[in-house]
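I have placed the structure first, in the form of structure tokens, so that the comments after it can refer back to it.
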Amino acid sequence: MASLLLSRRDLDFLLHEWLDVESLTARPRFADHSRETFDAVLDLSETIAARHFAPHNKKNDTQEPRFDGERVHIIPEVEEALKVFAGAGLIGGGMDHEVGGMQLPSVVANACFAWFQAANVGTAAYPFLTIGNANLLLAHGTPGQIDTYVLPMVEGRFSGTMCLSEPQAGSSLADVRTRAEQADDGTYRLFGNKMWISGGDHELTENIVHLVLARIPGGPPGVKGLSLFIVPKVLVGADGTLGERNDVALAGLNHKMGYRGTTNTLLNFGEGAFRPGGAPGAVGFLVGEPHRGLSYMFHMMNEARIGVGLGATALGYTGYRHALDYARTRPH
Ligand SMILES: Cc1cc2nc3c(=O)[nH]c(=O)nc-3n(C[C@H](O)[C@H](O)[C@H](O)COP(=O)(O)OP(=O)(O)OC[C@H]3O[C@@H](n4cnc5c(N)ncnc54)[C@H](O)[C@@H]3O)c2cc1C
């Protein structure tokens with residue numbers, strides 16, 4: 001029986017009758033695809049969303065993540081669902097074949113993702129952030145950064161975050177204070193606090209790749225002085241093995257009215273909870289050029305804007321479908 005999550009007939013109408021997505025297969029990038037491959041990934045998404053995401057949606061909401069001062073506890077269904085999602089190759093749905101992706105058009109990859117947002121927006125937020133983080137690095141990272149961080153994210157071993165906001169800086173990113181001092185080896189050491197960071201801590205993946213906006217001392221004031229850094233929760237060796245814990249510490253979890261299954265965190269960078277290499281500061285790796293961080297971050301912010309809007313639409317629509325079903329099937 002078809003799930004109540006979304007209407008496949010409506011999705012097909014939007015994708016095929018209105019947007020004519022099959023015409024995209026005339027482009028070299030999508031030449032391996034066809035209506036059949038698009039349909040197969042949509043079918044797979046609906047099945048996984050209904051079987052592995054929807055059943056713990058309510059539990060995710062009533063038993064939100066808990067921090068005991070050392071570890072974050074999350075209901076086990078979240079990790080199981082994310083393993084199935086990653087195992088199906090869906091993290092790389094829109095990414096290039098060469099990084100292990102399916103190279104789907106973005107509109108089709110987003111339509112697939114809507115099933116997960118309708119089923120369980122809290123659990124879906126982890127891969128949502130990971131995909132955005134990986135796409136930013138694919139666009140602006142070095143080949144080494146892509147090998148070290150993006151490939152494990154596509155496999156589902158690492159997850160990703162976006163660290164812009166600070167306790168005193170939300171919309172006003174010109175007020176960001178986190179600083180990044182260059183070390184002798186060319187890497188950076190970060191010091192500061194990031195607030196409201198979604199997916200900022202958990203044990204759902206082996207590692208968390210934080211993308212952090214910070215200031216290199218001496219740079220211009222305002223947003224023109226922001227640079228972007230990769231700050232992994234656990235440092236990664238040249239051969240990809242996990243090493244020392246980086247100095248990124250969870251100070252606490254924030255509670256929300258929605259998306260409650262997604263951890264939302266206050267993170268302290270370089271406050272001395274850990275001392276990687278014996279020196280103070282969280283080890284960070286510059287993405288692209290100094291002082292261009294906000295323009296790189298917009299790659300992920302714009303993707304997040306589309307995704308959050310899609311999530312709201314999926315939530316509203318699934319709510320309507322469930323209400324309609326209830327009205328049609330209630331005994332009186
Ligand atoms: C559920 C959730 C998840 C989040 N996840 C992340 C995350 O993963 N990473 C991250 O970095 N941040 C995250 N955030 C933080 C989010 O980016 C900020 O909440 C957002 O930038 C707004 O900042 P603020 O809350 O400080 O509000 P403020 O900036 O204080 O804004 C308050 C109000 O003032 C208005 N306002 C602000 N500036 C102006 C202006 N110049 N002119 C007119 N009106 C203005 C705003 O529209 C708003 O109505 C998250 C927030 C939430 C609620």
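Hydrogens, waters and symmetry mates are skipped; everything else that's a heavy atom, side chains included, is used. In each ligand, atom 1 is the first atom listed, and ligand 1 is the first ligand listed.
- Protein non-hydrogen atoms do reach within 4.0 Å of atom 28 (P) of ligand 1.
- In terms of protein heavy-atom proximity, atom 9 (N) of ligand 1 is nearest to Met162 O, 2.8 Å.
- Ring geometry for Tyr320 versus Tyr317: interplanar angle under 30°, hence parallel rather than tilted (30 to 60°).
- Given atom 26 (O) of ligand 1, the protein heavy atom at minimum distance is Gly170 CA, 3.3 Å.
- Considering all non-hydrogen atoms of both residues, Ala118 and Thr318 come closest at O-CG2, 3.6 Å.
- Note: Phe85 and Phe116 have perpendicular aromatic rings, judged against thresholds of 30 and 60 degrees for the angle between ring planes.
- Using a 4.0 Å cut-off between charged side-chain N and carboxylate O, Asp12 and Arg8 make a salt bridge.
- Nearest protein heavy-atom contact of atom 1 (C) of ligand 1 is Lys256 CD, 3.5 Å.
- Among residues two or more places apart in sequence or in another chain, the ring pair (Phe, Tyr, Trp, His ring centres under 6.0 Å) test is passed with Tyr149 by none.
- Counting protein heavy atoms only, atom 7 (C) of ligand 1 is closest to Trp196 O, 3.2 Å.
- Close approach to Ile197 involves these atoms of ligand 1, each under 4.0 Å from a residue heavy atom: 7 (C), 8 (O), 9 (N), 10 (C), 11 (O).
- Among protein heavy atoms, the minimum distance from atom 8 (O) of ligand 1 is reached at Ser198 N, 3.0 Å.
- Here the heavy atom of the protein found nearest to atom 52 (C) of ligand 1 is Asn264 ND2, 4.6 Å.
- The residues Glu77 and Lys59 are annotated as salt-bridged, a charged nitrogen and a carboxylate oxygen being separated by less than 4.0 angstrom.
- We find that Arg35 and Glu22 are not joined by a salt bridge, their nearest charged nitrogen and carboxylate oxygen being 4.0 Å or further apart.
- In terms of protein heavy atoms, atom 31 (O) of ligand 1 is closest to Ser171 OG, 3.8 Å.
- Geometrically, ligand 1 and Cys163 share no nitrogen or oxygen pair separated by less than 3.5 Å.
- Looking only at protein heavy atoms, the nearest one to atom 10 (C) of ligand 1 is Ser165 OG, 3.4 Å.
- Residues Lys233 and Asp201 are paired through a salt bridge, judged by an N-O separation under 4.0 Å between the basic side chain and the carboxylate.
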